[in-house]
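The next block holds one structure in the form of structure tokens; read it before the comments.
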Amino acid sequence: MLNYPKSFLIMSSRRKFLQSSVLGSAAIVTDKNVLTTPALVPPVFDQPIVVSTWDFGKTANAEAWKILSANGRALDAVEAGVKVPEADPTNQTIGLGGLPDRDGHVTLDACIMDEFYNCGSVMALEHIVHAISVARLVMEKTPHIVLAGDGALQFALANGFKKENLLTPASEKAWKEWLKTSKYEPMMNIENKLFDKEHDPMPGGPGNHDTIGMLAMDARGNLSGACTTSGMAFKMHGRVGDSPIIGAGLYVDNEIGAATSSGVGEEVIRIVGSHLVVELMRRGYTPEKACKEAVERIVKRGPEKSEKIQVGFVALNKKGQFGAYALQKGFTISVKSAKEEKIYAAKSIY
Ligand code: GLY
């Protein structure tokens, strides 16, 4: 782990941002015990900070925070953070225990990006729990950015990763159940029977989420991000979503901010979503407004389709301000800084 020198930390404490008087009233507790971000004035936080998609981001953030609070590098923090859900067999959208493709293969997509525009990615990687660490190694040890399929596996094995069976009994059972009808609808998990737009039994729960995207700013003010997923449940073999595509599922510009996404990857790829969000922040948009604009582009493309799918963006700017927006309600983000550890409900179009 790369620690930052004390001299730098003194400098950065001088750069503390003014605490807005809005901050005290920024968080509104709802009956679901989640919080709503204000539309126009995002809260202002001291660095470091880590934000990630969904409620399960909370435990991932806690791991990242160990590094951030010890003055470690944001890149190390995001990798360590997303490894938590990757190793959790009960999370059926990421890593071990991820729902398989229609042929029964668990195939993982992941990418990582640091403060120097370095990035690495793996697509359709099988048998390796920590796809994010393989992506980081692609970034650091190869002249390439993306390795896919067998080549990615070969690279992982050559670098000491252990070959494992990622298909847990629970995910195998779900796949066999799906095989009975084999209804192929390239929709996100939101289309599973667990999700019902009118009577969503568990907003943010297993019927309504996929993918961890994590963004962090360290004590030096540097940004990094990571994104990892098993992708769309029962997808076609070889299908790759937005998560490992730099600019779509994740983008980091250390001068401006970072963004990541969750939901139906095809729609995010079409608008190069995370890059769009960062570019909007460059033009002065708040993180939430930038995420909203990206979501609205998806709606504009196909309003009818957008009613049936979920896409959510989360963004973090260089001031440590964060925001999120989604197509559907139920998208949450987890936030951890020195000041708070909270789950916020993103505003949505529908
Ligand atoms: N956002 C994850 C996927 O579409 O695979």
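All ligand and atom numbering here is 1-based and tracks the order in the structure. Computed from a predicted structure; not experimentally measured.
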Near Gly231 (heavy-atom distance under 4.0 Å), the atoms of ligand 1 are 5 (O)

Between Glu126 and Lys163, does any side-chain N to carboxylate O distance fall below 4.0 Å?
no

Mind checking the SG-CD1 spacing from Cys119 to Ile246? Nearest 0.5 Å is all I need.
4.0 Å

Indicate, with yes or no, if the rings of Phe331 and Phe313 have centres closer together than 6.0 Å.
no

May I ask you to check if ligand 1 and Gly263 share an N or O to N or O distance below 3.5 Å?
yes

Of the listed options (Gly265, Gly249, Ser243), which comes nearest to atom 4 (O) of ligand 1 when hydrogens are ignored and any heavy atom counts?
Gly265

Counting from 1 in the order shown, the ligand 1 atoms closer than 4.0 Å to a non-hydrogen atom of Gly241 are 5 (O)

Counting only nitrogen or oxygen atoms and a 3.5 angstrom limit, does Thr229 reach ligand 1?
no

Should Arg270 and Asp242 count as an ion pair when the cut-off is N to O under 4.0 Å?
no

Ligand 1 versus Glu266, non-hydrogen atoms closer than 4.0 Å: side chain, backbone, both, neither?
neither

Proximal ligand 1 atoms for Asp242, defined as those under 4.0 Å from one of its heavy atoms
1 (N), 2 (C), 3 (C), 4 (O)

Strictly below 4.0 Å, N to O, side chains only: are Lys305 and Glu267 in salt-bridge contact?
yes

Polar contact flag for Arg239 and ligand 1 (N/O pairs, less than 3.5 Å)
yes

Determine, for Glu341 against Lys336, whether the closest basic-nitrogen to carboxylate-oxygen distance falls under 4.0 angstrom.
no

Does a side-chain N-to-carboxylate-O contact under 4.0 Å join Arg239 and Glu266?
yes

Proximal ligand 1 atoms for Met232, defined as those under 4.0 Å from one of its heavy atoms
5 (O)

Quick one: which ligand 1 atoms are inside 4.0 Å of a heavy atom on Thr211?
1 (N), 2 (C)

